A.B. asks: 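Following this message is one structure expressed as structure tokens.
Since we're looking at a predicted model, the values are computed, not measured. Numbers for residues simply follow the sequence, beginning at 1. All values below come from the heavy atoms of this structure, side chains included, with hydrogens, waters and symmetry mates left out.
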Amino acid sequence: MAAELHPRSGKLIGLSNSNRTARRNQPVQEFNHGLVLSKEPLRDRDVFTVRIDKKVNSWSGSIEIGVTALDPAALDFPSSATGLKGGSWIVSGCSVLRDGRSVLEEYGRDLDQLVEGDRVGIQRSSRGELHLWVNGQDCGAAASGLPPKLWAVVDLYGKCTQVTVVSCEPPPPSTERERETIEPSLSCFLSAGLTEHQLFDVFNNAIVSFYRGNVSNSPASNGSMGPGAVTGGMTTNDALLFHEKCGTLIKLSNNNKTAERRRPLDEFNNGVVMTNRPLRHNEMFEIRIDKLVDKWSGSIEIGVTTHNPNNLDYPATMTNLRSGTIMMSGCGILTNGKGTRREYCEFSLDELQEGDHIGLMRKAIGALHFYINGIDQGVAAAQTPGVVYGVVDLYGMAVKVTIVHNHNHSDRLRRNNAIMRALSPDVGRPRPALSLTPDTEGHERLLFHTNCGQKAAIISEGRTALRPHATDDFNHGVVLSSRPLRSNEVFQVRIDKMVDKWAGSIEIGVTTHNPAYLQLPSTMTNLRSGTWMMTGNGVMHNGTTILDEYGHNLDRLKAGDTVGVVRKEDGSLHFFVNGVAQGPAAWNVPPSVYAVVDLYGQAAQATIMDDMVDLPPLPEDSSEGATAMSPGSPCSVAGATMTSDLRFHHLHGTNAVITNGGRTALRQNCRSEFNDAIVISNRCLRDGELFEIIIQKMVDRWSGSIEAGVTAIRPEELEFPNTMTDIDYDTWMLSGTAIMQDGNTMRNNYGCDLDSLTTGSRIGMMRSASGDLHYYINGVDQGVACSGLPPEVYAVIDLYGQCVQVSITSSSGPLDNSLCTSNITEKSFPIHSPVAGVAHRLHSKHGKNVVLLGEGCQAVRVGGYAHGIVFSAKELKADELFEVRIDEVDEQWCGSLHIGLTTLAPPELPSCPLSGLSPSLPQLRTKVTWLLCGSEVRRNGVLQRQNYGCSLDRLTVGNRVGVKRYSDDTMHIFIDGEDMGPAATAVAKNVYAVLDLYGRITAVSIVSSSLMEDMESVKAPSLSSDSCSEGEEDSTPVRELRTALLNFLSPCALVPTAMAFLENHGKNIQLSNQNLTAARVSSYNQGLLVTAQPLARQQLFQVLHRLIDRLNPSWTSSLSLGVIGHSPDRLNFPSTACCLKRSAWLLQRDSVFHNSLKICENYGPNLDTCPEGTVLGLLVDANSCLHLFVNGMDQGVAAQDIPLPCYPFIDLYGQCEQVTIVTNNVPAVGRESGESRCQGDMEKADMVDGIKESVCWTPPPEVNPNKTCEYQALCSRFKDLLTLPDGYFSEDAKYNLCYCESCHKLRGDEAYYKRGEPPRDYALPFGWCRFALRMKSHCEVSNALKKWHIAYHGTTVGALRRTLDHSQLLPGTKISPLGFGGGPNGYSEPEENSAPGREMPRVRLSPTMRYSGLEIFAPKVQFRDPRSHRCHQAQVGFQVCVRPGSYKVGPQTAGHSEPLDPRFNNSEIEWITKEQGGTLLYGLLIRIE
């Protein structure tokens, strides 16, 4: 048949290339309606193959392919292929759907992971089976019983935007011959009348028998293929499902393959489910953990029982059943509810994460085995009854599981092919790829596995891994070794290639996951089970940092450096950097681990190094240096090289958390909780065995500290109290200096005081053979504490009061310094609680029914039930918690608070009130928004997840709600400090916290803080950071003016006037200088004062703003002022002016408040940034309008209808500690003759009165006085449409400048300035908008800004990304004489027969954008404004710094005769440079018509 597409297709499809290529139009705006079908029906055995030509990253999902019996000529095309009915089979992702319903999960290759260039095909075999082909490889049968007449279906869905049909023909003969060995056997089974599921059950059971050496028992060995022979006497052939009778809280779904416990945050048990039939011999019963909640202790339990589910009265937990039951709980085995094996395996079920697999199998010989992520944990019970049912207890944290049938097609295909090869005549050939136990004698070369990250590729016969597009993506570069590492086998790679674009670099480690079956994450540190990675100079286990300062920093490696990893026979893990051993990184690493390399960030290519001769031998005794034993420890000599198995038990107090494989314990919420954090050892202490821990973290908040001792109570029988001294039997503890038995003090003044220990101190306990209890402090024996202890005691630690975190040092093994005390990070152990000095703020842009109070720390909805959206003032950093407390609730409404993250930047919104903002958060869809609404997680209003965490509808006054974006791009919700787990994944980097005061919730206040923000909030403002340059501040006229002003305001010079401060004032105020000067003498508030006299109309009341010692760094915020409309004689002064709620008008920051409600924002300058010496004034004009004057300049009307009389008031708040009333006209600071010397652009001429600036230019914090400029907002939206990476632009938006007419006039910009050495003129780019670029660290930025010249370069939209990637202007190939006939930049292609290298390529610049902005250099492009939907034309260019001497000045070449710029003659308007590195990109310029 012809390899063409049918002319009828989805409504967004465009066909070309003789109907062989299909493209989805509007790929960024639409994700579906991209359906195409083959022109003719498929012939049997023909593979209809398409190549993926283009993909975009805007959507989830990708290409879908399949077949349909529907004739495309009469088809009403649905929006996607999964909507096809009437005999359609579609492969979507890794699932197979028939008529829109899933019939097979986890089949073949995941189509969503395919990249551009990959080929995918669909085939109907001669037996009526559907086969998927990916890159020439058959993925096996996806369905059977297909009708003969079928059309191929391809859906250009989601990320896939263009495909091309490459062939429609039978597969190569070699592939057919390989399948011929399988199909006869398949036909035998099919002729026996077995269904597809029965067939695979037979195959899987045969595989198990084959790999156990029981090939003689397989169906093929006896030559019989009848049903009886195949089934082996099995009584039933139905699929393994959950029985319909189950625990009272269980809900079954997915055809009884999925079980979920209802009300998981309210109930922790009654979640027992059983299989619908008994397990067969050697049949794997496997489940996948789908959902966990982080609320309860304990988790999933799994096992077998002889009880028939039809007759069983289900218990609350299966461990309550006292007969016929074997369960795995934690890491132990319980038989009939009693522990028979406490430490069955290294894995604990309580530590498994979502996505992990747990399986069990009853062998034919009666042995019961458990499997964790496919790894056999060994014999759990030797004799298991013949008829048993599988049972799962969804207990504690475990909420939802799904049965994983042996229907994973990649597993089936490998196993079935293995059987066929085993039964074929060449069974004796070596099969290293199938060997489950590698031949330790033979040498199998280490290579990379072909299954790798979606952005990675394997070349050089498996020896080299690379990220081909390393400059486009920084992750998805995970590669694994092709086989497990042998003990003491070193896996070492050399870094071949690096890019200097990203942060971070190569990461290396090991994992228990088989690469053939692993769904590779974007980065390996996102994997939450069985993985150890060295990243940077730390080590992470299952995504959690266990060593902060381990070895050489991998991020500093260069191309040619080598990194390696080895697992020793004792289970310890070691890393190498350039052949140097970095020491033990982890212990008890299981055998059969695969090596992992993550080509992350800068690392672009690595090659396996086979030659290990340069590696030094690993030290036999790793107990040295930081891992040395405590001096004087009783076990420090004997058995020093043995690895200790002492750990903390998985049972512990409510507030305790066990990490680092059981070696580390910490108290969560350490600033709000001081007890309920008891931990206990996992086994009894042996005689003479030291149990030693090191204190790693303390908080200076509580009284009391760590308590340590022993107890004879088994952990399973212990009901953990608030503190261990509350136990009244079989317990001996040291608390402070007191030895206590059963809660009573036995003796005081023991040899040590635990309350005096600090971070880094070590505490040890030992029971001697004679029954004496000894304590060791930093290795020193403190003597006998008490005697007569029973033989079996457990070590107990109470993380009480100031003590937050400890780790076991283990005197009988290497000291675990996994978390050095000096390097504990919040990333490793995020512990959040409200703290004083709130740093987070709400943004001034918000819903129209919201008012902000308390300097943006409190939000109140003042009307209605909606329009209550508020945003965080800044973007959230990674791992930064934004948390609020519920202050008020109105029960007349239904609904509650919504919270989440959004990519919508509030600064882009118009001024408040935002009537155009959505009335509620679920309707906010202009940008991507992730939110929690009740207990539902939504993305842009679309439901993503139900029953997440505690419902927000239950919140009441006092509850705390927070949101955090983790560094792994997940969103977590916190309720009262408790992490509810990941709510959403793939969250964007630059997001704001967003809240919706909806329904019942009417007021919230911020309780979270950020240390970095706290540091920034107290940063001293200075004149150098104001809108005037440092050079201008130091100029003589300004200094003289300042001196004269201060002399004028000295006590001897001040003249009493009619205006003075009232004696009645805030309690921290002290008046002086005849009540003209007021100072705050303590604290940061209670600084309110008011004038004794009313303010007359047209009278200017001015005060000089002074700060004692320039700044008080203890506080944030600053002065505010206003007027009150009543007599102040009986005024009860509140702590701050914002609490004045009767006839009060307040100017605070850049907003105006009336009776504590905001009525205007973006008014005047931000008063918090006013430097020392600023003169502030108030005036009420004849129309009763209030005006603010700053340094004598009227800021316009702030408020209207001011009553008569009114009294000015001042609030000396935060950093402002003193003001003085100015009694006559004082010239504004920083002005001469009434003319402003401060240019908002800060590109003032370096030559001022012939004196050159001695310091480099520093941009001001507030550079755009017109904060609501619509032109700047329009340019910003166009910039967003360019999809340029945010990393190229300055993080601080205050350096972005608008040069529209209104903005530059408001700033008072001059048209021309000078810059550089020697100084040279340049023109400001009036009519353009500048977006500041991030300066590269290798550039001498300060030198360039001070000494280099300023110029401009017009360019095309298409050249922007390439220019930014190289961080400098790139020369073209050759310049045309007059700029015609070449490219937009005046470049043309090389002429034919021209001599190469005769003329160096050149870059064209100009000191004015009137020339560089000509259309020949900066072509116009048309775009549609996403907000107004109007069409505009845009141009782009760059503002650059140019090294003096690197360019030549010449005439214009654009062919214009008239003068382009009055300052620059056309004969010198063009600068030409040939030097690479002679330009420094400074800003992106955009002009829109």
Side-chain angles (χ1 to χ4, degrees), residues 234-236 238-252 256-261 268-289 298-342 344-345 349-350 352 357-372 377-396 398 400-405 716:
M234 293 183 292
T235 58
T236 59
D238 53 322
L240 203 58
L241 305 171
F242 287 125
H243 199 281
E244 291 185 351
K245 185 180 179 183
C246 49
T248 56
L249 291 180
I250 287 295
K251 176 181 68 175
L252 299 179
N256 288 3
K257 289 192 294 184
T258 298
E260 183 174 4
R261 191 179 82 238
F268 59 88
N269 53 11
N270 288 309
V272 177
V273 287
M274 293 173 61
T275 57
N276 61 333
R277 60 168 173 80
L279 302 180
R280 304 175 185 128
H281 298 335
N282 299 323
E283 180 182 19
M284 174 72 78
F285 171 56
E286 188 174 23
I287 60 170
R288 180 185 66 238
I289 301 176
S299 188
I300 192 169
E301 298 175 349
I302 186 172
V304 295
T305 181
T306 59
H307 295 275
N308 190 316
N310 292 302
N311 307 324
L312 178 63
D313 185 11
Y314 279 78
T317 65
M318 274 308 285
T319 52
N320 291 345
L321 214 55
R322 299 306 184 194
S323 64
T325 304
I326 304 173
M327 299 292 294
M328 181 177 177
S329 175
C331 58
I333 302 297
L334 289 84
T335 302
N336 300 332
K338 296 183 179 180
T340 54
R341 295 188 63 180
R342 295 182 182 176
Y344 161 62
C345 67
L349 299 187
D350 298 343
L352 296 184
H357 289 223
I358 317 168
L360 62 85
M361 179 185 295
R362 183 198 179 277
K363 304 287 186 177
I365 59 176
L368 179 65
H369 290 240
F370 288 93
Y371 297 79
I372 307 294
Q377 303 300 305
V379 177
Q383 295 297 325
T384 308
V387 179
V388 290
Y389 293 81
V391 60
V392 177
D393 192 347
L394 295 178
Y395 180 81
K400 183 179 181 181
V401 297
T402 295
I403 294 178
V404 180
H405 289 137
E716 295 82 1

A.B. asks: Do His307 and Ser323 have side chains that get closer than 4.5 Å, going by heavy atoms?
C.D. replies: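 Yes; the side chains approach each other to less than 4.5 Å.
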A.B. asks: Whether the side chain of Arg261 engages the backbone of Gly271 through a donor-acceptor N/O pair (distance < 3.5 Å, no angle test) should be reported.
C.D. replies: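 No, because the side chain of Arg261 does not come within donor-acceptor range (under 3.5 Å) of the backbone of Gly271.
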A.B. asks: Output all residues satisfying side-chain hydrogen bond (donor to acceptor under 3.5 Å, both in side chains) with Arg362, sequence neighbours left out; order by chain, then residue number.
C.D. replies: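 Arg362 satisfies side-chain hydrogen bond (donor to acceptor under 3.5 Å, both in side chains) with His281 once adjacent residues are dropped.
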A.B. asks: List in chain and number order the residues that pass salt bridge (charged side-chain N to carboxylate O under 4.0 Å, His left out) with Lys257, two or more places apart in sequence or in another chain; answer none if no residue qualifies.
C.D. replies: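 Salt bridge (charged side-chain N to carboxylate O under 4.0 Å, His left out) check on Lys257 returns Glu105.
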A.B. asks: Would you say Arg277 and Leu240 make side-chain contact, with heavy atoms under 4.5 Å?
C.D. replies: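 The answer is yes; the side chains approach within 4.5 Å.
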A.B. asks: Using salt bridge (charged side-chain N to carboxylate O under 4.0 Å, His left out) as the criterion, list what pairs up with Glu716, not counting sequence neighbours.
C.D. replies: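 Counting only residues at least two positions away or on another chain, Glu716 forms a salt bridge (charged side-chain N to carboxylate O under 4.0 Å, His left out) with Arg714.
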A.B. asks: Exactly one of Thr306, Val379, Leu279, Leu368 should register a side-chain contact (heavy atoms from CB on, under 4.5 Å) with Thr384. Which one does?
C.D. replies: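 Exactly one pass, corresponding to Leu368.
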A.B. asks: Under the side chain to side chain contact (heavy atoms under 4.5 Å, CB included) test, which residues partner Leu334, sequence neighbours left out?
C.D. replies: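 Partners of Leu334 by the side chain to side chain contact (heavy atoms under 4.5 Å, CB included) criterion, ordered by chain and then number, come out as Thr319, Ser329.
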A.B. asks: Do Glu286 and Tyr371 have side chains that get closer than 4.5 Å, going by heavy atoms?
C.D. replies: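 Not touching, per the 4.5 Å side-chain cut-off.
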A.B. asks: Grab the two heavy atoms, one from Asn256 and one from Ile403, that are nearest each other, plus how far apart they are.
C.D. replies: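 Closest approach of Asn256 to Ile403: O-CD1, 4.5 Å.
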A.B. asks: List for me each residue that meets side chain to side chain contact (heavy atoms under 4.5 Å, CB included) alongside Thr248, sequence neighbours excluded, and say none if there are none.
C.D. replies: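 With neighbours one apart ignored, the set is Asn270.
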A.B. asks: As a quick check of understanding, evaluate side chain to side chain contact (heavy atoms under 4.5 Å, CB included) for Asn282 and Lys363, giving each step before the final call.
C.D. replies: CA-CA 5 Å; Asn282 299 323; Lys363 304 287 186 177; 3.7 Å; yes
A.B. asks: Please list, chain by chain and in numerical order, all residues satisfying side-chain hydrogen bond (donor to acceptor under 3.5 Å, both in side chains) with Thr258, sequence neighbours excluded.
C.D. replies: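 With neighbours one apart ignored, the set is Asn254, Thr402.
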A.B. asks: Do any pairs count as a side chain to side chain donor-acceptor pair (under 3.5 Å) and have a residue in residues 385-396, sequence neighbours left out, and if so which ones?
C.D. replies: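 Of all non-adjacent pairs touching residues 385-396, those that pass side chain to side chain donor-acceptor pair (under 3.5 Å) are Asn308-Tyr389.
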A.B. asks: Using the test side chain to side chain contact (heavy atoms under 4.5 Å, CB included), find all partners of Arg322 that sit at least two apart in sequence or belong to another chain.
C.D. replies: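 Residues passing side chain to side chain contact (heavy atoms under 4.5 Å, CB included) with Arg322: none at all.
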A.B. asks: Just by modelled atom types, is the Lys245 backbone N or O under 3.5 Å from a matching donor or acceptor in the Tyr314 side chain?
C.D. replies: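 Yes, Tyr314 side chain to Lys245 backbone: donor-acceptor pair under 3.5 Å.
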A.B. asks: Could you tell me which residues satisfy side-chain hydrogen bond (donor to acceptor under 3.5 Å, both in side chains) with Thr340, sequence neighbours excluded, listed by chain and number?
C.D. replies: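 Checked Thr340 against side-chain hydrogen bond (donor to acceptor under 3.5 Å, both in side chains); matches are Thr335.
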A.B. asks: Just to verify, what does Phe242 make a ring pair (Phe, Tyr, Trp, His ring centres under 6.0 Å) with, not counting sequence neighbours?
C.D. replies: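 Once residues adjacent in sequence are excluded, Phe242 has no partner under the ring pair (Phe, Tyr, Trp, His ring centres under 6.0 Å) criterion.
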A.B. asks: Tell me, please, which residues at least two apart from Ser299 pass side-chain hydrogen bond (donor to acceptor under 3.5 Å, both in side chains).
C.D. replies: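 Partners of Ser299 under the side-chain hydrogen bond (donor to acceptor under 3.5 Å, both in side chains) test: none.
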A.B. asks: Can you name the side chain to side chain contact (heavy atoms under 4.5 Å, CB included) partners of Cys345, sequence neighbours left out?
C.D. replies: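 Cys345: side chain to side chain contact (heavy atoms under 4.5 Å, CB included) contacts with Met328, Phe347, Gln377.
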A.B. asks: Give me the one residue out of Leu321, Ile326, Val272 that meets side-chain contact (heavy atoms from CB on, under 4.5 Å) with Thr305.
C.D. replies: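 The side-chain contact (heavy atoms from CB on, under 4.5 Å) with Thr305 is passed solely by Leu321 among Leu321, Ile326, Val272.
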